[in-house]
There are 2 protein chains.
Amino acid sequence: MSIPASTRAERAFTRAEPDARRQSLIEACAQVLAHNGAAGTSVRAIALEAGVSPGLVGHYFAGIDALVAATYGQVEAQVSAALDSALAQAGTDPRARLDAYVTASFAPPIASGELLATWIAFWSLVRSRPDIARQHDEQYARFRARLEALLAACGVAPARLRHTAIAVTALVDGLWLELSLSPGAFSAAEACAIARAQLDALISTSRSAY
Amino acid sequence: MSIPASTRAERAFTRAEPDARRQSLIEACAQVLAHNGAAGTSVRAIALEAGVSPGLVGHYFAGIDALVAATYGQVEAQVSAALDSALAQAGTDPRARLDAYVTASFAPPIASGELLATWIAFWSLVRSRPDIARQHDEQYARFRARLEALLAACGVAPARLRHTAIAVTALVDGLWLELSLSPGAFSAAEACAIARAQLDALISTSRSAY
DNA sequence: ACACTTGTTATACGATCGTCCAACAAGCAA
DNA sequence: TTGCTTGTTGGACGATCGTATAACAAGTGT
């Protein structure tokens with residue numbers, strides 16, 4: 001009844017470096033999240049996307065939550081790298097650097113409906129899983145700290161640094177979220193213009209507080 | 001084998017007004033979303049919470065997505081009512097009304113980790129379901145339109161009205177989101193202060209554009 | 001009192017879920 | 001070669017999912 005092994009045309013077994021396999025599972029998870037949404041993201045779908053048997057997911061990750069968390073971590077690293085790249089191309093003028101850092105969030109690969117699915121899936125775990133809440137807090141703190149440095153270089157008063165960074169982070173997050181959720185409401189170019197205008201207003205008033 | 005009907009001690013059957021039943025299912029859905037998160041929200045869990053048999057959910061809603069959408073609609077109505085109430089208590093000064101409208105988003109019942117679960121569950125449906133995307137767009141447009149009216153009363157130039165409203169909406173959304181996701185990052189009072197400062201900056205610069 | 005409508009229950013059904021595990025394949029050491 | 005370690009497979013397992021449906025309970029009109 002069973003098919004003899006000799007008739008197998010496909011190579012179903014390929015061994016990979018553990019790190020590479022982990023990486024491919026993370027990428028498959030991101031793909032499935034982007035295509036099927038959070039509700040349609042299952043171990044089987046991810047394994048299928050990665051071209052791997054379902055059992056292997058459990059071999060590398062404690063559960064699907066851990067895989068989603070790892071995927072979010074990788075997405076965050078990519079976003080961070082994109083911001084770094086924007087910063088590197090911005091030259092030395094403090095204000096230009098700040099603008100580049102902020103507006104990079106509204107261009108690919110950061111502003112993308114596909115990334116949003118990963119973010120939402122991650123957010124849905126924050127409230128119930130303390131470890132994931134900590135991961136989120138760390139990512140948020142990191143983003144804000146870098147923003148504070150850029151703002152300080154633009155002459156924002158130290159006493160206002162914290163609140164200004166929170167404000168800019170909220171603005172960027174809000175614009176990015178809406179841009180990803182419904183691209184028709186306003187354009188990426190508008191988001192950049194809005195953010196720049198807001199930065200103008202914030203920096204001038206904050207500088208006057210010296 | 002079967003238990004005679006006469007031995008049933010509990011009254012398992014209670015008929016309700018269709019609207020009241022719909023309402024109770026929506027409230028149960030919100031409860032389950034708040035307690036179990038989006039992943040733990042199933043037809044059975046909702047029916048159990050509402051004290052009703054699972055089949056009844058299908059009798060009132062086409063599917064669980066429709067119930068989530070209805071729940072989001074109700075939450076949005078509650079938020080809108082809370083904002084109206086804040087506006088009603090704000091008096092007649094345009095700037096005070098704007099402040100009240102904006103900062104109300106950072107106080108109960110709007111700023112709440114429980115509400116966040118409903119929002120996230122709804123967001124996760126936006127990308128794949130056009131009808132839900134439309135519902136989201138309408139809600140967003142409604143909020144922004146009211147904000148535009150309040151900003152216009154504060155002297156914001158008409159040409160800047162649209163961008164200013166988008167900016168304030170993004171700021172409020174970003175602050176609200178972070179406040180709900182990780183209450184430890186900053187306090188509600190800080191969010192209010194940040195929003196007020198931002199409004200100051202926006203209105204003064206926008207007024208100067210006359 | 002009677003049939004009729006309709007909200008509601010309880011259950012059954014097939015599909016899919018996450019997890020587990022014995023068998024297997026490849027590389028490595030001896 | 002032989003044995004051992006380990007990445008990998010593929011299917012089994014029980015649980016839970018959304019949905020469909022027949023039986024039932026309470027009004028309602030006649």
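Order of the sequence lines sets the chain letters (A, B, ...), proteins ahead of strands, with each chain counted from 1.
- Atom CD1 of B/Ile46 and atom C1' of D/dG18 are 11 Å apart (whole Å).
- A parallel orientation is assigned to the rings of B/Phe122 and B/Tyr72, their planes being inclined by less than 30° (bins at 30° and 60°).
- The minimum heavy-atom distance linking A/Leu83 with A/Ala104 is given by the pair CD2-CB, 3.8 Å.
- Panel note: side chain B/Thr71, backbone B/Leu67; a donor-acceptor pair is recorded below 3.5 Å.
- Within the structure, a side-chain polar atom (N or O) of A/Tyr60 is placed less than 4.0 Å from OP1 or OP2 of D/dT8.
- We find that CZ of A/Phe13 is positioned 10 Å from P of D/dG10, with the value rounded to whole Å.
- Straight-line distance from the CD atom of B/Gln23 to the C1' atom of C/dG7: 18 Å, rounded to whole Å.
- Between A/His59 and D/dG7 there is a side-chain polar atom (N or O) within less than 4.0 angstrom of OP1 or OP2.
- If you measure from atom CZ of A/Arg44 to atom P of D/dG11, you get 11 Å, rounded to the nearest angstrom.
- Here C/dT16 presents its C1' atom at 14 Å from CG of A/Asn36, a figure rounded to the nearest Å.
- Taking the nucleotide of DNA chain D with the nearest heavy atom to each of A/Val52 and B/Gly40, the more 5' of the two is matched to A/Val52.
- Across every non-hydrogen atom of A/Pro54 and A/Val43, the tightest pair is O-CG1, 3.7 Å.
- Secondary structure note: stems in DNA chain C built from 3 or more consecutive Watson-Crick or G-U wobble pairs under 3.5 Å occupy C:3-30 with D:1-28.
- Test A/Leu25, A/Val68, A/Leu56 against A/Phe61 for side-chain contact (heavy atoms from CB on, under 4.5 Å) and you get one pass: A/Leu25.
- In this pair, A/Tyr140 and B/Phe186 present their aromatic rings tilted. The plane angle is within the 30 to 60° band.
- Counting only heavy atoms from C-beta on, B/Arg15 has its side chain closest to C/dG7 among D/dT9, C/dG7, C/dT19.
- In this structure, CG of B/Leu48 is placed 12 Å from P of C/dT9, rounded to the nearest angstrom.
- Looking only at atom types and distance, the side chain of B/Glu178 has a donor-acceptor partner in the side chain of B/Ser182 under 3.5 Å away.
- For B/Ser42, a side-chain nitrogen or oxygen approaches OP1 or OP2 of D/dC17 to under 4.0 Å.
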What's touching nucleotides 20-23 of chain D from the protein side, N or O pairs under 3.5 Å?
none

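- Within 4.0 Å of A/Phe61, counting heavy atoms only, lies no atom of the nucleic acid at all.
- For the atom pair B/Arg129 CZ and B/Arg134 CZ, the distance stands at 11.5 Å (nearest 0.5 Å).
- Between B/Asp19 atom CG and C/dG7 atom P there is a gap of 11 Å when expressed in whole angstrom units.
- Close to D/dT8, at under 4.0 Å from its OP1 or OP2, lies a side-chain N or O of A/Arg21.
- Residues B/Gln23 and B/Gln74 bring a donor and an acceptor atom of their side chains to less than 3.5 Å of each other.
- Taking all atoms of both residues into account, the shortest heavy-atom contact from B/Arg144 to A/Ala185 is NH1-O, 4.1 Å.
- For B/Ile64, counting side-chain heavy atoms from C-beta on, the closest listed nucleotide (C/dT19, D/dG18, D/dG10) is D/dG18.
- Atom CG in A/Leu56 sits roughly 17 Å away from atom P in C/dA25 (whole-Å rounding).
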